[in-house]
Each structure stands twice: as structure tokens, then as C-alpha cells.
Number of protein chains: 2
Amino acid sequence: MRDHFTPGEVAERFDLTLDTLRYYEREGLLRRVDRAPSGHRRYRADDVELLGLIRCLRDTDMPIARLREFAELLQAGDHTGHDRLDVLRRHQDRLDQRIAELRANQAAIQHKIDHYVGVPADSAPRPVEETS
Amino acid sequence: MRDHFTPGEVAERFDLTLDTLRYYEREGLLRRVDRAPSGHRRYRADDVELLGLIRCLRDTDMPIARLREFAELLQAGDHTGHDRLDVLRRHQDRLDQRIAELRANQAAIQHKIDHYVGVPADSAPRPVEETS
DNA sequence: GCTTGACCTGGAGTGCGCTCCAGGCCCCAC
DNA sequence: GTGGGGCCTGGAGCGCACTCCAGGTCAAGC
């Protein structure tokens, strides 16, 4: 892995726009990114790694505000490791809940579909476990 | 089931606000709801049933615009049954995809957590299938 | 008759997460 | 030295899904 990356490279890698990248920085999700003498951003390997995590967390609907809190813990130093882990673990729990909720709703919708089609509602139910 | 319901009753039943209920009507998710002589809304049993479906679909992130299309099909008459089913089935497919995506991201986050804790990344991986 | 509570209308406002824009700078290739 | 591409800044704008508000009506209970 190279030691620095241009905005264009990073944007492409995570399928983000340059605007979004700058927006995340403005919002405090990343520390102030390094600059080339020209003023252009130079992302370090650890910026890129953090962005990977941010991408995962955003893709699973963590709000920007919580990501900012996480970033603040990161910048506060190593002694916040426990709190950071806590944020991530809570997120995983919420994700479990969210997935369960989606499945429950999916099952309910499937009932409507079956009913629509004329199946007597509880014969041949959609096998929920096999839909993942 | 009674033959009509007040706004308050319906709102409580689906945990929606009166504002949201009116908003859905304005947006064409429901047909124009019946009125009492006083001008107050009276929801029929089939309005309530449709709202149940709407709730499921919204809770699984179907956008208002697609719900409106669905409602338009409903109002266009029985011959749209096929199209309506199609909308619902496509939604189920998207939901399958979304759930898979959430799980993949969850697994990636778990890797970060494990790495954080010092587990050598692929010993004792989080048992994804048991998290549902 | 008066109050209270539930509801009505049209329209404005909010929060979130981007997204776009104008005007400008730097660097490389031709 | 000129053109183009990539990037810079501050700030405005957007789409979505609500959410709130002012001012009003109606029915029931005291």
C-alpha cells in the first residue's frame, strides 16, 4: 500500500464523490487531511483505512453524528479504545435488530403476496431462513 | 373488526402521527378517506388493511413515490393485480439484497472489532448465520 | 353558555446527507 | 504560453419524509 493517495483515487476506491469526501472531513469524520504544497489533499494509508470503516458504518446506516463521535474518540487517543469498541459493538447489536425487523416485515409482506395469489395464507409459507 | 375507525385509533394502531396519516393521504398512498358529517376522517377496514401493508413497506424502506405507484395500481382496478404483485415481489428481492449487504458489512465491521481486540483476524470469527 | 378535546385546513419549516456551483490555483503536455 | 485536468474554497441548494403551526370547527360534558 502506498503511503499517500489523491482524492480521485480515494473517491474511486470507495465509490464516493469528491464532494462527499470533503463533506466527511468538514463534518469531522476524518482528521484534517494532509496537503500537498499545491494545497491538494493527500490521504494517508490510515485515512484510507478509516474511510473503509466509515463506508461500512454508513452503508449500515450509522448516522453522521455518531461517526463524528467515533472520530472524536479516535483523536482523543489510545485510552478511548474501550469506548470505540463499545460504539462498534452497539452498532452490531442494532444491526442484528434491524435485520430481524426487516425479515419480520418481509415475512408479513410475503403473507400478503400469498394471500393475493390465493394461497390459503399458511400453506406453503415462504421459507424465511433460506432467503439470506 | 369495526367498519370504521377514527384518526386517533388508526394512528395509535400503527404508531403513526396524525400528521403522517394525513401526509400519506395527501401523497396519494390512500384514496381520499371518508368523512363524518363533521368533516373528520373515518377510516374503513380496507384503509386500515392497506395502511398495514404501507407500514411494512415503509419500514423496509420502500420510498413514498413507489408506494404511490402501488396505490395508483390499486385504484386502477382489479386488472392491475399482476403489476401489484410484481411491485411486491421486486421489493422482496431488493430486501433480500439489502439484508445480504447488511450482513456483509456487519461481517467486515466484526473483522475490525476482532482486530481491535487483538484476535488474529480469522481465528474465532463471528458466526454470521447465528446472528439472525 | 362554556370549556375541552379531537380533529380540520393550507402552508411553512426541519433534519439529514449529500450535491452543486462559481471562481480560482497548480501542474503537465503540447 | 496555452489548454486541460484535477483539485481548491465557501456557500447555496436539493430531495426526502416528515413535522409543526395558526386559526378554525364540531360534539360532548358540566
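Hydrogens, waters and symmetry mates play no part in the numbers below; they use all other heavy atoms, side chains included. Residue numbers start from 1 in every chain, and the chains themselves are labelled A, B, ... in the order their sequence lines are given, proteins ahead of strands. Quantities reported herein were computed from a predicted structural model and do not represent experimental measurements.
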**Request:** Starting at atom NE2 of B:His4, determine the distance to atom P of C:dC7, rounded to an integer number of angstrom.
**Result:** 13 Å
**Prompt:** Any side-chain N or O of A:Thr6 less than 4.0 Å from the OP1 or OP2 oxygen of D:dG6?
**Reply:** no
**Prompt:** Nearest nucleotide by nearest heavy atom, which residue falls closer to the 5' end of DNA chain C, A:Arg22 or A:Ser38?
**Reply:** A:Arg22
**Request:** Take the protein atom CZ of B:Arg68 and the nucleotide atom C1' of D:dG15, then report the distance between them rounded to whole Å.
**Result:** 13 Å
**Asked** Looking at the side chain of B:Thr17, which of D:dT19, C:dC18, D:dC8 is the nearest nucleotide?
**Response** D:dT19
**Message:** Strictly below 4.0 Å, N to O, side chains only: are B:Asp61 and A:Arg98 in salt-bridge contact?
**Reply:** yes
**Asked** Is A:Tyr24 near enough to C:dC18 that one of its side-chain N or O atoms lies under 4.0 angstrom from OP1 or OP2?
**Response** yes
**Protein-nucleotide distance (A:Met62, atom CE; C:dC16, atom C1'), rounded to Å** = 16 Å
**Message:** Distance check needed: D:dA17 C1' versus B:Leu21 CG, whole Å only.
**Reply:** 15 Å
**Message:** When you measure only distances, ignoring hydrogens and angles, does the side chain of B:Asp19 come within 3.5 Å of the base of D:dC20 through a donor and an acceptor?
**Reply:** yes
**Request:** Using heavy atoms to find the nearest nucleotide of DNA chain D for A:Arg26 and A:His40 separately, return the residue whose nucleotide is more 5′.
**Result:** A:His40
**Message:** Assess, by modelled atom type and distance only, whether the side chains of B:Gln110 and B:Asp114 contain a donor and an acceptor separated by less than 3.5 Å.
**Reply:** yes
**Prompt:** Between D:dC7 and A:Arg41, is there an OP1 or OP2 to side-chain N/O distance shorter than 4.0 Å?
**Reply:** no
**Message:** Tell me the interatomic distance from B:Leu57, atom CG, to D:dA17, atom C1', rounded to whole angstroms.
**Reply:** 16 Å
**Prompt:** For A:Leu67 and C:dC16, what is the distance between atoms CG and C1' respectively, to the nearest whole Å?
**Reply:** 13 Å
**Message:** I need the B:Asp96 CG to B:His91 NE2 distance, nearest 0.5 Å.
**Reply:** 10.5 Å
**Euclidean distance, atom CD1 of residue B:Ile54 to atom C1' of D:dA17 [Å, nearest integer]** = 14 Å
**Request:** Any chance you could lay out the side chain to side chain contact (heavy atoms under 4.5 Å, CB included) test for B:Asp19 and B:Tyr23, step after step, and finish with the verdict?
**Result:** CA-CA 6 Å; B:Asp19 272 319; B:Tyr23 168 70; over 6 Å; no
**Asked** To the side chain of A:Leu18, which of D:dC18, D:dC7, C:dC18 is closest?
**Response** D:dC7
**Item:** Nucleotide C:dC27, atom C1' - distance to CZ of A:Arg42 in whole Å
**Value:** 11 Å
**Item:** Nearest listed nucleotide, side chain of B:Pro7, among C:dC8, D:dC18, C:dG17
**Value:** C:dC8
**Prompt:** Charged N to carboxylate O under 4.0 angstrom, A:Arg89 versus A:Asp86?
**Reply:** no
**Request:** Mind checking A:Pro37 for me? I need base, sugar-phosphate or nothing, with any heavy atom below 4.0 Å counting as a touch.
**Result:** nothing
